[in-house]
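What follows is a single structure, written as structure tokens, with notes after it.
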Amino acid sequence: MSEKQSQILIFNAAGELVAIARSIRSAEELTKADENDIKLCCENRLNISGQYCFRYNDEPPIVNDTLGKLTIAEYDKLCDYK
């Protein structure tokens, strides 16, 4: 049995949450960003890939009603990212 994949938060270049993808593959299809770059962004090892930045939607989980309201800086602060 495979491990459950994390959803991916997709932020635009202005840092605004614009989409929530089901998986890295879905994020790749939506944004045309490289899968490895998406992973690096999610791990906070790369700032931006193309016109987007990505984070795993883990703790705290974010829902669709935050689209256009939440910024990546706010999310990183919630998750204690540096």
side-chain contact (heavy atoms from CB on, under 4.5 Å) partner of Asp37, the single match among Thr31, Leu46, Ile48: Leu46
hydrophobic_cluster_shared for Phe54 and Tyr56, side chain cutoff 4.5 Å: yes
Sequence-distant partners of Glu74, side-chain contact (heavy atoms from CB on, under 4.5 Å), two or more places apart: Leu70, Thr71
Cys42 SG to Asp58 CG distance, which is reported to the nearest 0.5 Å: 9.0 Å
Ile38 side, atom CD1; Glu28 side, atom CD - distance, nearest 0.5 Å: 5.5 Å
For residues 9-24, run the donor-acceptor check on the side chains, cut-off 3.5 Å, and write out each pair with its distance to 0.1 Å, sequence neighbours left out.
from: Asn12; atom 1: OD1; to: Ala14; atom 2: N; distance (Å): 3.0
from: Asn12; atom 1: OD1; to: Gly15; atom 2: N; distance (Å): 3.0
from: Asn12; atom 1: OD1; to: Glu16; atom 2: N; distance (Å): 2.9
from: Asn12; atom 1: ND2; to: Glu16; atom 2: OE1; distance (Å): 3.1
from: Arg22; atom 1: NH2; to: Ser26; atom 2: OG; distance (Å): 3.3
from: Ser23; atom 1: OG; to: Arg25; atom 2: N; distance (Å): 3.4
from: Ser23; atom 1: OG; to: Ser26; atom 2: N; distance (Å): 3.1
from: Ser23; atom 1: OG; to: Ser26; atom 2: OG; distance (Å): 3.3

OH on Tyr52 to NZ on Lys32, rounded to 0.5 Å: 10.0 Å
Closest non-hydrogen atom pair between Ile8 and Ala27, with its separation: CG2-CB, 4.0 Å
